[in-house]
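Below is one structure, written out as structure tokens, with a few remarks after it.
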Amino acid sequence: MNARSLINQLNPQQKEALLHTDGPLLILAGAGSGKTRVITYKYAYLLKEKNLPSSSIFAVTFTNKAADEMKSRICSILGCELNHTWIGTFHSQCNRILRSEIKALGYSTDFVIYDESDQHSLIRHILKELNIYEALYKGVATRISNLKASLISPEEFISSGDSYGFDEKLAKVYMRYQDELKRCNALDFDDLIMLTVRLFQEREDLLKKYQERFQYILVDEFQDTNYSQYMLVKMLASGHRQLSVVGDDDQSIYRFRGAEVRNITRLEKDFPDLKIIKLEQNYRCTQNILDVSGAVIAENKSRKQKRLWTDRGRGDKVCFYWLPNEEDEAKYIARTIREIYLKGKYTYRDIAILYRINMQSRAIEEALRKERIPYRVVGGIGFYERAEVKDILAYLRIIQNPHDNVSLRRIINTPPRGIGAATINKIEHVSKKEGISLYDAISDICSKKSSSPTVVERLRDFIELIERLSSIRTQPVSEVIKEIVELTGYAESLSEERIQNIAELMASAEGAELGEFLDRVSLITRLDDSVEGDRVSLMTFHTAKGLEFSVVFITGLEEGLLPYFKAFESDEELEEERRLFYVGMTRAKDHLYLTGAKKRRVFSKLQDQEPSRFLFSIPKNCCRWVEKAICKHYQEATPKEKPRKAASPAFKVPYKTGCRVRHPKWGVGVVRDCYGEGEDLKVAVNFPGVGVKRLAVKFAHLERV
DNA sequence: CGAATTGAGTTTTTT
DNA sequence: ACTCAATTCG
């Protein structure tokens, strides 16, 4: 595709955003305004028209998935392969820089990346050691994470003066934590950014090098950057001053992990010649959906004014359904999806169900299963969070870097090899006394035989195991995993399912080399990018960001759930909850359903719920409020009663799901569904090679086979 | 040292 | 209600 035709596909504002390539640019892109299109086209334009090599464009996306999509979109626009790109998340880009430069900060280049649970176990360990109530580890972890996101080092935190009370303790923990990470040659997620910034602060020559290398900087989802990420962008962009950031303050939903919408104002201050372009034409939603979501978000005080509009037409009214309890809510959704599906305009993959917290998916999943509606839960329990997978990864990391104490603690006695608490204490003690890693402490105990013969022998066995595995580290990872499982007998006490997970891990490692594999795994969140299959998508609002669906269900519109009760105290957090709702609603292209339940199980108690306050900002004429005492025909349809068969033999279901029929045109197919009565009796039939057809029995001339 | 039982805490959102 | 961890018993 040439540049002309690229430009012609854009509206005037988008065009302007694409063509503005000299100097800093902020694109305020409302929901559904085609920002992804602008950013990918711009990338292509920079390559084609401005003749920038792809290695000189630094493009940041919010997720790895978004990065992959961006790459493949650009490829298909340009009709060519892209190599040597710098397209990725902040974390992966920083990782890449640090892998070649981190020596300057005194770390070694084969550092491991600690994920949240590694971080947690390390902090717990430190708390235990410092005699601080261990259950606080989560709060401590967030505090430390926020400090790092604000580029505050332990030293600075201590000297900041207000570190009395608990903060004094926190400072100690932070200090120890950072120290311990370095000892383990490990970086946590926040370090990846913080240390890159520090690298550039301390080494002007390196900053220069990268400033020169990156002639253009593109940042997507700018509203969700934290301070350290902002600093990184600012530093890199200060050279050529060619920078485009895309964002929407109304869609900022990651405040809890340090994102600051303020970065938008910071940008205006730091780049006085900043050009601002608003994208206000929405290509996604119907007018009704836009009106409803617009009315809700308008309640937020701190936001930039904008007028989203669409030429898509009014569309259907948005409805809010208030149901007696969560089961009914789920059942109602499942039933409605079935109806939508049978009408034939949409298929399952066009439909999404969104919720505030993952836990809500349970009831919904159950209802969908009962209705035999295929679904997939996006996000949820991460593959890489499963114990068996983490264990194997811990082995791999020890092979790569034996000083990784966190991983070592994890596997030293997994599977059980007779190294118990007493022995581990001893190892910890030696490690501390000698100032060496746990692994070296074990070696020390072995060589000095400073423990009972049985213990020494067990420890020696362990060292030998790791060394043996280490000797094959250059082989493909899948081979190494196989060897781990065999040498340790790991799979012996495992369920079939867990063994399956390990097999899956091996499969995902296919062809990779150890270091590269560990890198990839630590920065990835979910493996289930299997969009294949015609299935309804279930996910949280957060996960839904950036996606769109023809039909969207927003569930749990109740006080305490949306807004979440933790946000009640602060106006800022309430505004974030409102944005969350806004993001959810604006995922919908054609149909938006809002639901809530009057009674809901919270923990193990049944709670009375109030409808969400957000509903009251919606103008009456935009949204129908429906209170359902659970529709009668829903009850009839529960499998228990089967009223159809018993009550009216005349209307017995003539075409059962699964039976085969012949159609004059499409041949033999399998009945997937049967609905309606009498004259209106309809069937959905799957004809091989043709697909699912919905037919009125009256006209279709079906023949049983 | 390991298995089993009890007990506590847990449920925001994610790179 | 359910999971994970600490404690206790064998």
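Numbers restart at 1 for each chain; the letters A, B, ... are given by sequence-line order, proteins then strands.
- In this structure, of B:dT14, B:dC1, C:dA5, it is B:dT14 that holds the atom nearest to the side chain of A:Asn358.
- Place A:Arg458 and A:Thr540 on DNA chain B by their nearest nucleotides, and A:Arg458 ends up nearer the 5' end.
- A search for side-chain contact (heavy atoms from CB on, under 4.5 Å) contacts involving A:Asp190 returns A:Gln119, A:Ser145, A:Lys148, A:Asp188, not counting sequence neighbours.
- Taking the side chain to side chain donor-acceptor pair (under 3.5 Å) definition, one finds that A:Arg143 meets it with A:Asp167, sequence neighbours left out.
- Considering only side-chain atoms of A:Arg257, the nucleotide from B:dT13, C:dA5, B:dT14 that sits closest is B:dT14.
- Rounded to a whole Å, the OH atom of A:Tyr227 is 25 Å from the P atom of B:dT15.
- Atoms CG (A:Leu606) and C1' (C:dA1) sit 14 Å apart, rounded to a whole Å.
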Polar atom pairs (N or O), protein with nucleotides 7-11 of chain B, under 3.5 Å:
residue: B:dG9; atom: OP1; partner: A:Tyr133; partner atom: OH; Å: 3.3
residue: B:dT11; atom: OP2; partner: A:Lys138; partner atom: NZ; Å: 2.6
residue: B:dT11; atom: O3'; partner: A:Tyr564; partner atom: OH; Å: 3.1

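- Between A:Thr63 and B:dT14 there is no side-chain N or O to OP1 or OP2 distance below 4.0 Å.
- Residue A:Tyr254 is classed as a sugar-phosphate contact, given heavy-atom separations below 4.0 Å to backbone atoms only.
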Write out a two-atom table: protein N or O, nucleotide N or O from nucleotides 7-10 of chain C, distance below 3.5 Å.
none

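- Out of C:dA5, B:dT13, B:dC1, the shortest distance to the side chain of A:Phe256 is found at B:dT13.
- Counting any heavy atom pair closer than 4.0 Å across all strands shown, A:Ala567 reaches no nucleic acid atom.
- Ring centroids of A:Tyr210 and A:Phe200 are separated by less than 6.0 Å, placing the two rings close together.
- Every residue two or more places apart in sequence or in another chain that forms a salt bridge (charged side-chain N to carboxylate O under 4.0 Å, His left out) with A:Glu572 is listed here: A:Arg255.
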Pick out the pairs of N or O atoms, protein on one side and nucleotides 2-6 of chain B on the other, that lie under 3.5 Å.
residue: B:dG2; atom: OP1; partner: A:Gly418; partner atom: N; Å: 2.9
residue: B:dG2; atom: OP2; partner: A:Asn413; partner atom: ND2; Å: 3.2

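- What separates NE2 of A:His120 from C1' of B:dT14 is a distance of 12 Å, to the nearest Å.
- In summary, the side chains of A:Glu260 and A:Asn226 do not present any donor paired with an acceptor at a separation below 3.5 Å, with no hydrogens or angles considered.
- Remark: C1' of C:dA6 and OH of A:Tyr137 are 14 Å apart, rounded to the nearest angstrom.
- Taking A:Phe58 as the reference, A:Phe214 meet the ring pair (Phe, Tyr, Trp, His ring centres under 6.0 Å) condition, with sequence neighbours excluded.
- By the side chain to side chain donor-acceptor pair (under 3.5 Å) test, A:Arg369 pairs with A:Tyr375, sequence neighbours left out.
- For the pair A:Leu192 CG and B:dT14 P, the interatomic distance rounds to 19 Å; values are reported in whole Å.
- No close placement of the A:His120 and A:Tyr114 rings is indicated, their centers lying 6.0 Å or farther apart.
- For A:Arg96 and B:dT15, the CZ to C1' distance is 18 Å, given to the nearest whole Å.
- In this structure A:Tyr177 satisfies the ring pair (Phe, Tyr, Trp, His ring centres under 6.0 Å) test with no other residue, sequence neighbours excluded.
- Comparing B:dT15, C:dA6, B:dT13 against the side chain of A:Glu134 picks out C:dA6 as the nearest.
- Following rounding to the nearest Å, A:Leu562 (CG) and B:dT13 (P) show an atom-to-atom distance of 13 Å.
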List the atom pairs, donor and acceptor, that lie under 3.5 Å between side-chain atoms in residues 553-568 of chain A and the rest of the protein, sequence neighbours left out.
residue: A:Thr555; atom: OG1; partner: A:Leu354; partner atom: O; Å: 2.9
residue: A:Glu558; atom: OE1; partner: A:Arg600; partner atom: NE; Å: 2.8
residue: A:Glu558; atom: OE1; partner: A:Gln609; partner atom: NE2; Å: 2.8
residue: A:Glu558; atom: OE2; partner: A:Ala597; partner atom: N; Å: 2.7
residue: A:Glu558; atom: OE2; partner: A:Arg600; partner atom: NE; Å: 3.4
residue: A:Glu558; atom: OE2; partner: A:Arg600; partner atom: NH2; Å: 2.6
residue: A:Glu559; atom: OE1; partner: A:Arg613; partner atom: NE; Å: 3.1
residue: A:Glu559; atom: OE1; partner: A:Arg613; partner atom: NH2; Å: 2.7
residue: A:Glu559; atom: OE2; partner: A:Arg613; partner atom: N; Å: 2.7
residue: A:Glu559; atom: OE2; partner: A:Arg613; partner atom: NE; Å: 3.1

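- Contact check, A:Ser92 against B:dT15: no side-chain N or O comes under 4.0 Å of OP1 or OP2.
- Following rounding to the nearest Å, A:Glu457 (CD) and B:dC1 (P) show an atom-to-atom distance of 14 Å.
- Remark: A:Tyr107 pairs with no residue by the ring pair (Phe, Tyr, Trp, His ring centres under 6.0 Å) rule, at least two apart or across chains.
- Partners of A:His429 by ring pair (Phe, Tyr, Trp, His ring centres under 6.0 Å), not counting sequence neighbours: none found.
- Not one side-chain nitrogen or oxygen of A:Thr454 sits closer than 4.0 Å to the OP1 or OP2 atom of B:dC1.
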